[in-house]
There are 2 protein chains.
Amino acid sequence: MYPGLLHELHKRVTLSPGQEAAILSHFTPKKLKKRQFLHQEGDIIQRMSFVEKGALYSYSTDAHGAQHVVQFGFEGWWIGDLYSFFTQKPSRLNVEVLESCEVLTLSLESHELLLKTIPPYETYMRILYQNAYVALLSRIENSLGLSAEEIYSRFLEQYPFIFSRVPLHLIASYMGITPVTLSRIRRQVAS
Amino acid sequence: MYPGLLHELHKRVTLSPGQEAAILSHFTPKKLKKRQFLHQEGDIIQRMSFVEKGALYSYSTDAHGAQHVVQFGFEGWWIGDLYSFFTQKPSRLNVEVLESCEVLTLSLESHELLLKTIPPYETYMRILYQNAYVALLSRIENSLGLSAEEIYSRFLEQYPFIFSRVPLHLIASYMGITPVTLSRIRRQVAS
DNA sequence: ATTTTTCCTTATCATTTGTTAAGGTTTTTT
DNA sequence: AAAAAACCTTAACAAATGATAAGGAAAAAT
């Protein structure tokens, strides 16, 4: 049951069988089909979501009405808008399904209860955020001073599997460039 | 003693006097003068640093030899290279003093000991990383699809105090634009 | 106080990236 | 199977940003 989530927890902390069962009991599975929305702009996010299977992506809409991909979510990743979840303010993100999904969701109340009652759960969360923060900072650092072409090449090295599962125009948006520019770059890199 | 650090801890968690003393006992103060380096590229970061007083900034050097500002650090902020600190791999960052500083430093061993023995310390760290992660993601989200001019205007609103303490060319570097472009923008915004 | 260094702005020209539009695949829907 | 929608590439032109260089103001060093 929930092999992805269990694997993710055990990667980082040691849990007794009782603790493991207590944690899992708070998660609710949810199935989603392609093009469905997990969250929409304006929602106050009630539950955080772990991707057991499938793929999703989140995007925001800027002041000019243009959309920008913020994050992808594949098996073993958390997805959603933590800002809205923790502050209980309206989300600015939409989270849409790319490939039919099974996600495991957890309410804020459950999250807070688990933090209080299961110390390894708090440790897991600290490590999760610590790693996420460091990874995000590296993402920013590594893109500093790089041309769009260099950003593309690195992205290709780091996440080769994404290219077979995500349309190029979403990758372009994630990279902060237009699909036209990405197309130009791909032609140069290929030759 | 260490009023900045105490204020920062108490903002987020409740500590008994004993716990407070135990935490503080692991920090070592360090004074730094303008232009000194707290860390340099290639160092393996041994201690994380809390800024009690003063200002610093960190920058990396890219493959073309150009420098890029990654982060500023003022009173009440943590500064350094968490990637190197946690992984004990060489840092790619330089951390240089802008205004003479007093920083409080903590070794990895102390950090791990405090995590294990003082639960509110772990809670503090989880909240710190959670907030840092959400803030960093917002920084990325908010800059998506914005022109350099819009990025500048928002930066001006969010951190007005930085402009009186940091040279413009470092701010330009942090924003990912050249000083020349920042100058052009400032002329437009002013008129 | 003088000299040196750092910092900011401006101008010019080159390069990169964005915008718009069109055409052809591929994928999805009916 | 046919129609519709989504996706990717290319071209031509426009706009934004970078690179280089020069001059002057401000700050730091002597």
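Chain naming here is simple, since letters A, B, ... match the order of the sequence lines and numbering starts at 1 in each.
- As rounded to whole Å, 14 Å separates atom C1' of D:dA16 from atom CG of B:L146.
- Taking atom CD of residue B:Q188 and atom P of nucleotide C:dT10, one finds them 11 Å apart after rounding to whole Å.
- Between B:T181 and B:K34, the residue anchored closer to the 5' end of DNA chain D is B:T181, taking for each the nucleotide with the nearest heavy atom.
- Distance NE2 (A:H64) to C1' (C:dT19): 14 Å, rounded to an integer number of Å.
- Put simply, NE2 on A:H68 is 11 Å from P on C:dG18, counting in whole angstrom units.
- Rounded to an integer number of Å, the gap from CD of A:E149 to P of D:dG18 is 17 Å.
- Although no hydrogens or angles enter the test, the distance criterion places a donor-acceptor pair under 3.5 Å between the side chain of B:E75 and the main chain of B:G54.
- Considering A:Q67, A:E41, A:H39 in turn, A:E41 is the only one that fulfils the side-chain hydrogen bond (donor to acceptor under 3.5 Å, both in side chains) rule with A:N94.
- Using the six-membered ring where Trp is involved, A:W77 and A:F161 have ring planes that are perpendicular, over 60° apart on the 30 and 60° scheme.
- Distance from the side chain of B:R187 is smallest for C:dA11 among the nucleotides D:dT17, C:dA11, C:dA21.
- The side chain of B:T178 places no N or O atom within less than 4.0 Å of a non-bridging phosphate oxygen (OP1 or OP2) of D:dT17.
- The two residues A:Q71 and A:G80 make their nearest non-hydrogen contact at OE1-O, 4.0 Å.
- Note: CZ (A:R184) to P (D:dT9) measures 12 Å, nearest angstrom.
- Relative orientation of the A:Y121 and A:H111 rings is perpendicular, given thresholds of 30° and 60° on the angle between their planes.
- Note on A:S183: a base of the nucleic acid sits closer than 4.0 angstrom, heavy atoms only.
- The phosphate of C:dC7 (OP1 or OP2) has no side-chain N or O of B:R186 nearer than 4.0 angstrom.
- The distance from atom CG of B:D81 to atom OG of A:S138, rounded to the nearest 0.5 Å, is 8.0 Å.
- Rounded to whole angstrom, the span from the CD1 atom of A:I177 across to the C1' atom of D:dC8 amounts to 14 Å.
- One atom, CD of A:Q36, and another, P of C:dT28, lie 16 Å apart when rounded to the nearest Å.
- For A:R35, counting side-chain heavy atoms from C-beta on, the closest listed nucleotide (C:dT29, D:dA11, C:dT17) is C:dT29.
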Stepwise salt bridge (charged side-chain N to carboxylate O under 4.0 Å, His left out) check, B:R154 with B:E157: CA-CA 5 Å; B:R154 298 219 181 173; B:E157 281 171 34; over 6 Å; no

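- Scanning residues 159-171 of chain B for heavy-atom distances under 4.0 Å to DNA chain C yields B:P167, B:L168, B:H169.
- Using a 4.0 Å heavy-atom distance criterion, A:L182 is classed as making no nucleic acid contact.
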